[in-house]
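Notes follow the structure.
Every number for a ligand or one of its atoms is a count from 1 in the order of the listing. The figures here come from the full heavy-atom set of this structure, side chains too, leaving out hydrogens, waters and symmetry mates.
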Amino acid sequence: MLDIAQLERQILSDVERAQDESALEAVRIAALGKSGSVTALLKTLGALTPEERKRRGPLINGLKDRVNSALSARREAFKQAALQARLNTESIDVTLPVREAPFEIGRVHPITQVTDELTAIFADMGFAVAEGPDIETDDYNFTKLNFPEDHPARDMHDTFFFHPKPDGSRLLLRTHTSPVQVRTMLTQKPPIRVIIPGRTYRCDSDQTHTPMFHQVEGLVIDRKSHLGHLKWILQEFCKAFFEVDKVGMRFRPSFFPFTEPSLEVDIQCRRDKGDIRFGEGDDWLEILGCGMVHPNVLKNCGLDPDEFQGFAWGMGIDRIAMLKYGMSDLRAFFEADIRWLSHYGFRPLDFPTLAGGLSP
Ligand code: DAH
C-alpha cells in the first residue's frame, strides 16, 4: 500500500508545479477524480477492520482535505495573477496628452449658436419655446393673421405655394414664424409668453436674402401688457444679446396686417471699415418688426379682444447673427463649406448661458 505521506508530498508538489488552470485540473482529477489516487485510498477503508479504519480513516481524510485546500489555494493564486495581468494591461497613463475627440473637431453652426443664445435670454425673462410646422396652411400663414384675401401684403411675401388641392386650398412654406402665434393662441390659454424660433421661406436670393432663412417670433398675451413692456423686453434683449451696457433703439411706425399699431425697430451702430459697433455711432440697422396684436387676430384665434391684449415681434435670426459675429454674406450660411464652418462655428461644449457668458 502506498505510503500516505509520500503520496501527499507527490500530489502537493504536482499542485505547485501546475502552470495553469487546466494543468491544475489534471492534478485534481489524478488525485480526487473517480479513479484518482486519493479516491482509491478512500475506497480501501470499507474493507478494513473497525480498528484499522479508526486509525487510517483520519489519515486518509486528512490527506483529502489538505489536497483540496492546496488545490483551492493554487486556483486562487491563478485568479489573482490573471487579475493582476489584466490590471497591468488596462492601466491608464493620466500624464498622456488628451486626444482630440470628434466633438472637439465638429463645430456648431452660428445659427444654432445664436438660437441657443436668444433662447437663454428669453427663457431668463420667463418665455417658453413654441414650434410649428414649416409647411403651413394659407389660413394660418395669412388669413387668420388678418391678411385680407387678395391683399397686396400677401404678394410681398414671395410665397412658395404647393399645387392647389382639389378643393382649391393650397399649402405653402411658411413665409414667417407668425402662424405659430395662431397655433399657440388656439391651443393655450392666456397668459401666454412664448418665443418661436424657426425656419421660414421666401422666393428671394441675394447677398442678404436666401430662400430659406430664420426668424424668432415673440408673443405675449394677457390682460394688460402694453407697448411699454414690449419696448423694455426688446431693449433688455438687445443689451444681453449684443453684450453691451446700452443700445440705442429707434421705434418707427410701420404696417403689418396682424398688429395695430405696428412698429419697426432699428438699433444704433457705427460701421467702421467692415466692423460694426453697437450702442454708439450715427447708423441705424433694422432688426425686427413688432406691434400690439390686432383685435381681429385675437378674434380669429378665439380670444375676446375686450378681455385680452398683448404684443408680438418677429426678428431675423440670420440678420442678428451676421451683425453680432461679423459675417457679411448670408448665402455662406447655407453652403455647408467646412472651412467657413470651422472659422465661424462654435465649440460644441461652450453652451451659451447668462451666467457663464453667451458668446465664447
Ligand atoms: N412676420 C413679420 C415678417 O416676417 C415680422 C413681424 C412683424 C412679426 C410684426 C410680428 C410682428 O410678430 O408683430 O415680416
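Listed by atom number, the atoms of ligand 1 under 4.0 Å from Thr259 heavy atoms are 13 (O). For ligand 1, the atoms sitting less than 4.0 Å from at least one non-hydrogen atom of Ser178 are 1 (N), 8 (C), numbered in the order shown with element in parentheses. Atoms of ligand 1 lying under 4.0 Å from at least one heavy atom of Gly314, given by number and element, are 6 (C), 8 (C), 10 (C), 12 (O). Counting atoms of ligand 1 from 1 in the listed order, those under 4.0 Å from a heavy atom of Gly291 are 13 (O). Taking every heavy atom of Phe256 and a limit of under 4.0 angstrom, the matching atoms of ligand 1 come to 7 (C), 9 (C). Close approach to Gln181 involves these atoms of ligand 1, each under 4.0 Å from a residue heavy atom: 12 (O).
Under the 30°/60° scheme for interplanar angles, the aromatic rings of Phe346 and Tyr325 are found to stand perpendicular.
At least one side-chain heavy atom of Val265 sits under 4.5 Å from a side-chain heavy atom of Cys290. Under the 4.5 Å side-chain criterion, counting only non-hydrogen atoms from C-beta, Phe258 is in contact with His176. Within the 4.5 Å cutoff, the side chain of Lys79 has no heavy atoms near those of the Leu83 side chain.
Taking the ring centroids of His109 and Trp340, they lie under the 6.0 Å cut-off.
For the residue pair Gln84/Gln80, the side-chain donor-acceptor check at 3.5 Å is not satisfied.
Comparing Glu217, Met292, His176, Arg202 against atom 1 (N) of ligand 1, the shortest heavy-atom distance belongs to His176.
Only the side chain of Phe258 comes within 4.0 Å of ligand 1, counting heavy atoms alone; its backbone N, CA, C and O stay farther away. Contacts with ligand 1 closer than 4.0 Å are made by heavy atoms of both the backbone and the side chain of Ala312.
Between Leu59 atom CG and Ile4 atom CD1 the span is 5.0 Å, to the nearest 0.5 Å.
At least one heavy atom of Gln215 lies less than 4.0 angstrom from ligand 1.
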